[in-house]
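This report refers to the structure that appears directly beneath it.
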Amino acid sequence: MINLERSKNMDNNGPIGVIDSGIGGFTVLKALQDRLPNENYLYFGDSMRMPYGERENDELIMLANTIISDLESRGVKAIVLACNTLSSLIVELTAQVPLFSVIEAGVQETLNWRDRGLVGLIATTATVKNRGYEKELELWTKDVEYIAQGTHTLAKVINDGQSDLKILKHNIEEAVEPILLKGIKKGIVIEELLLGCTHFPIVSVTIRQMYPELELINPANGLVNQLNKYCTEFDFFNTQEPAGTTHILMTADYDIFERMVRELELNCDSLEMTELRLS
Ligand code: DGL
C-alpha cells in the first residue's frame with residue numbers, strides 16, 4: 001500500500017477506484033460490493049490493451065499512471081490495484097490517493113495458510129518476471145517460498161469468455177503442472193495454489209475439479225480486509241448518499257463486461273456502464 005497516512009484534504013465520499021486490465025477485477029469488485037456495500041465504486045477495465053502480462057514494464061507503468069490520474073480526476077478517494085501485473089510494479093507508480101496492492105493482500109492470505117514451506121503461484125508472465133509476489137513475501141518471512149509459473153494465455157482465454165472447456169483446461173494444465181513437478185523434484189507435495197491474476201478465480205470451479213487436492217488462495221478477500229482496516233483506522237468510510245453505486249468504465253468489449261456482470265452476480269442495484277472511446 002502507498003500513501004498510507006491520511007491527509008487533511010482527503011474526501012470520504014468519493015468512489016473507490018478499482019483497476020484491472022479487463023473483467024478479471026470483477027472478482028475483487030464483487031468482494032468489495034459484498035463486504036463494503038455502502039461505498040461507491042468506479043471500475044476501470046482496460047480490455048483494449050490486455051493482456052497486460054505480455055507488455056513491457058515501462059509501458060505498464062505509463063498505462064497505470066495514466067489510468068490512476070484519470071480516476072483521480074473523476075474524484076476517487078482511494079484506488080485498488082486489482083491487477084496483479086500492475087501491482088508487481090507498485091513502487092514505480094504515482095498516486096495522490098491511497099493505493100492498495102492485490103499482491104500485498106495475496107501475500108497476507110498466503111501467510112494465513114502456511115508459515116513455512118512451498119506454495120504454488122500462477123500469474124501472468126510479467127508478474128512472475130517482476131518477482132512481485134516474491135519481493136513482497138521476503139518482507140515478511142524467509143520460511144515460505146513460492147514456486148511460480150507464468151502463463152502467456154490463460155488470462156486472455158478467460159477474458160474472452162472462451163467457452164471451449166478443452167482449451168481452458170489445456171491452459172490451466174500448462175500453468176499448474178510445472179509447479180507440481182517442481183515440487184516433486186524438491187520432494188514436496190504442493191498443497192496450496194495462489195491465484196495470482198484476477199482472472200483466475202473466475203474459473204476456480206474448473207481448477208478445483210482438475211486439482212481437488214489443491215487449496216486455492218484468492219487475494220480478493222485479503223484486499224477487502226486491508227481496505228476495511230484502513231477505512232476504520234482513518235475514519236474513511238463513505239458517509240453520504242448515494243451509496244452502493246457502481247460505475248464500470250471499459251476501453252473495449254462492452255458486451256463481455258455486460259455478460260460477466262450477470263455471470264458473476266455483481267450487485268446491479270445501481271450500476272452504470274460506459275465504454276470509453278480512446279483516441
Ligand atoms: N488480470 C491481470 C492480473 O491480475 C492481468 C491479466 C492480463 O491482462 O494479462 O495480473
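Counting convention: from 1, in listed order, for ligands and their atoms alike.
Legend: salt bridge (charged side-chain N to carboxylate O under 4.0 Å, His left out) pairs involving residues 188-199, not counting sequence neighbours, sorted by first then second residue: Arg114-Glu191, Arg114-Glu192. Listed by first and then second residue, the ring pair (Phe, Tyr, Trp, His ring centres under 6.0 Å) pairs involving residues 134-160 are Tyr133-Tyr146 (not counting sequence neighbours). For the salt bridge (charged side-chain N to carboxylate O under 4.0 Å, His left out) condition, the pairs that include at least one residue of residues 62-77, sequence neighbours left out, are Glu39-Lys77, Asp70-Arg74.
The closest side-chain donor-acceptor pair between Thr127 and Asn84, if any, does not fall under 3.5 angstrom.
Contact check for Tyr43 versus Asp20: side-chain heavy atoms found under the 4.5 Å cut-off.
Protein residues having a heavy atom under 4.0 Å from any atom of ligand 1 are Asp20, Ser21, Met50, Pro51, Tyr52, Gly53, Cys83, Asn84, Thr85, Thr124, Ala155, Cys197, Thr198, His199, listed by chain and number.
Summarising the local packing, CD of Glu56 is surrounded by 12 or fewer heavy atoms from other residues, nucleotides or ligands at distances under 6.0 Å.
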